[in-house]
Amino acid sequence: MTDSRFYITTSIAYANNRPGLHTLYEVVGADVLARWHRMNGTPTRFLTGTDEHSVNIAMRAADQGRTPRDFVDEQVSLFRAAEDALGIRPDRFIRTTDPDHVRSAQEMVRRAYANGDIYVGTYEGWYCPSEGFRNATDVVETARGTICPNHPEVPLQWLTERNWFFRLSAYQERLERWFADEPHAVQPEYRRNEMLGFIRSGLEDFSISRAGAGWGIPFPILPDGSSAQRPDGTWDPEAGTIYVWYDALINYITGAGFPDDPESFARWWPADVHVIGKDIARFHTIFWPAMLWSAGLKAPRRVWIHGWLLAAGERMSKSRGNFMDPLDFTRAFGSDGARYAVLREVPFDRDADVSWDAFVRRYNADLANDFGNLVNRTVTMAGRFLDGRRPAPRPAAGSPLGAGWDDALAAYAAALDGCLLSDALAALWAFVGDANRFVDAEAPWALAKAARGGDTGAADRLEAVLGDLVEACRLVGLAVAPFMPETAPRIAAQLGHAYTYGPDGNGGPPIAAELRWGARMAETGRLGAPVPLFPRLETDAAVAD
RNA sequence: GGCGGAGUAGCUCAGUGGUAGAGCAGGGGACUCAUAAGCCCUUGGUCGGUGGUUCAAAUCCGCCCUCCGCUACCA
């Protein structure tokens, strides 16, 4: 993205339960992309949050003898604590209960109405209180009656409701044109094809209101088209509430300033990337653009659909109970270790099996052994052989490591642009491997011994080799800062370099200039103490799943 | 059922016509700056099955088997 700003969002988490790593995975990934753009000097807005309205949530709250608001407040605090532990720094944490979001959703309904895209119809079908509407082909007939396969203990209800519907059918042609004109708007490619296939199979209208559900955003229009707002400012309950997508999806524009702050909205919309899970791809790539067009707004520039975390081949989920607690994870791996492990282990474009042991192996191999040890041996050798004075690197052309850096960085940056976070790390770690091999090839300890014996050629070479290694550590440590924002300043400190980026990645110089080989070679400095960055973990250090 | 994708070393995967690859895990070795890390070497695969095309197929074509994704209204 070469635009003057970068707006990235995640899906908003359903605030019905404590958070799992499989939910926060997406937010960590988006946080990395946000930090990368912030460090590049691009004004960046990163939005994440929670989805808090539903009959299910109201029921759970009632079961506990609490108000829905009280219930979701507690869930949200758990999400925020877990995100904080993972180093996630959104520019705004949006809640669908926020007052400006309520106004935003209602305004979108009004615009759809004004554009003739919503109408009162009748919805009929099975309704599972735990899951929402069930398609007739999804329910199961048993001796006890019709049940929801996912919630057999919860009685299904046959619903007949007068609801508002959105005229999605009117947007089929425009959606097909959008997919054709903007081939990179939906990624990865195979998801795009699935969505395109869905569009071509024909689009039906969908319902956007619920009657009689109290915990939701008041539907702003009565069936006759008049406002549902009463003179005292309250809303006529007969109008019902806004149902799901005209509530949840709207958060992306609320977070950009719609409708209260037109100036902000003009600046930030359309979003550069919506990062979402594959289970809600259709709503984001088909419903959402149509809803926006109906309101006279632009579709998002890109929707990135990531895969799921699997445990033994099964999707991690709260209902299955096979998910990892993010706080267990960060306690064992550290915030940065957790971020690295999950984003390296799971390709951002498809599902992947994960396990505690696999994360430990990845952490030990990549962080403790390869990179952490590289920094540690470099700082130790330079400290000991050069009395703590930081050696300068050779010019890139004269250094095996310097000559390879540009390609490594280019591969890293290209992968980040393509949202392929695991590939980005792999590209950087190939360079880390080069650096470790370089150490053994040059054997600085042997050069130091020769230098002590009076060999001035060896002394010069020692200086050059260690200078290259210090520079390699500086570059990798800085480049990987979006993934490991706490470790980056610790590396800089050990290398005697300043680190001027803030805790969210804002504030420093554009990273591109800093990531040139030798960018700081003219500066002198002293090395810090060699403190191991990533202590090795034992495979049986902890048990979790 | 329809459309799409995948089956390659113990694990995760790369490889789209020309003598089977990487990382991790396992084994051995030399070194010693380092978090018993790093480096070097190495065990290991009838490339899902089968029939074709070709001088030559993991790679192209047919058929079969297995697995996965999408196939509408989750919050």
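The sequence lines fix the lettering, A, B, ..., with proteins before strands; numbering per chain opens at 1.
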Trainee: Check whether any side-chain N or O of A:Y243 sits under 4.0 Å from OP1 or OP2 of B:A75, and answer yes or no.
Mentor: yes

Trainee: So does A:D351 pair up with A:K278, basic N to acidic O under 4.0 Å?
Mentor: yes

Trainee: Please name the nucleotide paired to B:C67 by Watson-Crick or G-U wobble geometry with both distances under 3.5 Å, or report none.
Mentor: B:G5

Trainee: Say you pick atom P in B:A22 and the same atom in B:A9; how far apart are they, in whole Å?
Mentor: 14 Å

Trainee: May I have the distance from A:Y123 (atom OH) to B:A72 (atom P), rounded to whole angstrom?
Mentor: 12 Å

Trainee: Going by ring-ring contact (aromatic ring centres under 6.0 Å, His included), A:F287 matches just one of A:F206, A:F198, A:W293, A:Y246. Which one?
Mentor: A:F206

Trainee: Need one value for A:R191: base, sugar-phosphate or nothing, where a base atom within 4.0 Å counts as base even if backbone is also close, heavy atoms only.
Mentor: sugar-phosphate

Trainee: Look through every strand shown and name the nucleotide pairing with B:A22 as Watson-Crick or G-U wobble, where both distances are under 3.5 Å.
Mentor: B:U12

Trainee: Let me know the distance between CZ of A:R362 and P of B:A22, rounded to the nearest Å.
Mentor: 16 Å

Trainee: Please report, rounded to the nearest Å, how far the C1' atom of B:G23 is from the CG atom of A:L428.
Mentor: 16 Å

Trainee: Please classify the nucleic acid contact of A:I280 as base, sugar-phosphate, or nothing, using heavy-atom distances under 4.0 Å.
Mentor: base

Trainee: I'd like to know if A:R437 and A:D434 make a salt bridge, using a cut-off of under 4.0 Å between side-chain N and carboxylate O.
Mentor: yes

Trainee: Check A:E83 with A:R80, please: is the shortest side-chain N to carboxylate O separation under 4.0 Å?
Mentor: no

Trainee: Minimum heavy-atom separation for A:L527 and A:R389, please, with both atom names.
Mentor: CD1-O, 4.0 Å

Trainee: Taking the same atom, P, in B:C24 and in B:U42, what whole-Å distance lies between them?
Mentor: 15 Å

Trainee: Would you say A:W429's side chain and A:D366's backbone share a donor-acceptor pair under 3.5 angstrom?
Mentor: yes

Trainee: Return the pairing partner of B:C39 with a 3.5 Å limit on both distances, Watson-Crick or G-U wobble; otherwise return none.
Mentor: B:G29

Trainee: Say we look at B:A25 and B:A37: how far apart would their P atoms be, to the nearest angstrom?
Mentor: 9 Å

Trainee: Nearest 0.5 angstrom please: A:F431 CZ to A:D407 CG, how far?
Mentor: 10.5 Å

Trainee: Between atom CZ in A:F165 and atom P in B:A72, what is the gap in whole Å?
Mentor: 16 Å

Trainee: Whole-Å distance between B:A75 P and A:H101 NE2?
Mentor: 15 Å

Trainee: Give me the distance, rounded to whole Å, that separates B:C63 from B:G28 when you measure between the C1' atoms they each carry.
Mentor: 47 Å

Trainee: Pick the C1' atom in B:G52 and in B:U43, then give their distance to the nearest Å.
Mentor: 36 Å

Trainee: Looking at RNA chain B, which of residues 192-203 of chain A put a heavy atom within less than 4.0 Å of it?
Mentor: A:E194, A:F198, A:G202, A:L203

Trainee: Can you tell whether the side chains of A:R361 and A:D357 come within less than 4.0 Å, N to carboxylate O?
Mentor: no

Trainee: With rounding to whole Å, what would you report as the distance between B:C31 and B:U19 at their P atoms?
Mentor: 38 Å

Trainee: Can you measure A:R210 atom CZ to B:A75 atom P for me and round it to whole angstrom units?
Mentor: 8 Å

Trainee: Show me the protein contacts with nucleotides 7-16 of chain B, counting only N or O atoms at under 3.5 Å.
Mentor:
none

Trainee: Between the side chains of A:D336 and A:R490, is the shortest nitrogen-to-carboxylate-oxygen separation below 4.0 Å, so that they form an ion pair?
Mentor: no

Trainee: On a whole-Å scale, what distance lies between the P atoms belonging to B:G48 and B:A14?
Mentor: 13 Å

Trainee: What is the distance from CG of A:D349 to P of B:A6, rounded to the nearest Å?
Mentor: 13 Å

Trainee: So if I apply the side-chain hydrogen bond (donor to acceptor under 3.5 Å, both in side chains) rule between A:S104 and each of A:D98, A:T254, A:D247, which one comes out positive?
Mentor: A:T254

Trainee: Along nucleotides 26-39 of chain B, 5' to 3', which nucleotides get a B, which get an S, and which get a -, given that the test is a protein heavy-atom distance under 4.0 Å?
Mentor: ------SBBB-SBS

Trainee: Under the rule for salt bridge (charged side-chain N to carboxylate O under 4.0 Å, His left out), what residues qualify as partners of A:R350, not counting sequence neighbours?
Mentor: none

Trainee: Donor-acceptor pairs are to be reported for all side-chain atoms of residues 440-452 of chain A against protein atoms at under 3.5 Å, with residues two or more places apart or in another chain.
Mentor:
from   : atom 1 : to     : atom 2 : distance (Å)
A:E442 : OE1    : A:R461 : NE     : 2.9
A:E442 : OE1    : A:R461 : NH2    : 3.0
A:E442 : OE2    : A:R461 : NH2    : 2.8

Trainee: How long is the line joining CH2 of A:W308 and C1' of B:C70, in whole Å?
Mentor: 11 Å

Trainee: Distance between the C1' atoms of B:C60 and B:G17, in whole angstroms?
Mentor: 8 Å

Trainee: Quick one: look up who B:G51 pairs with, Watson-Crick or G-U, both distances under 3.5 Å, and put none if it's unpaired.
Mentor: B:C61

Trainee: Please enumerate all residues that pass side chain to side chain donor-acceptor pair (under 3.5 Å) together with A:D70, with sequence neighbours excluded.
Mentor: A:R66

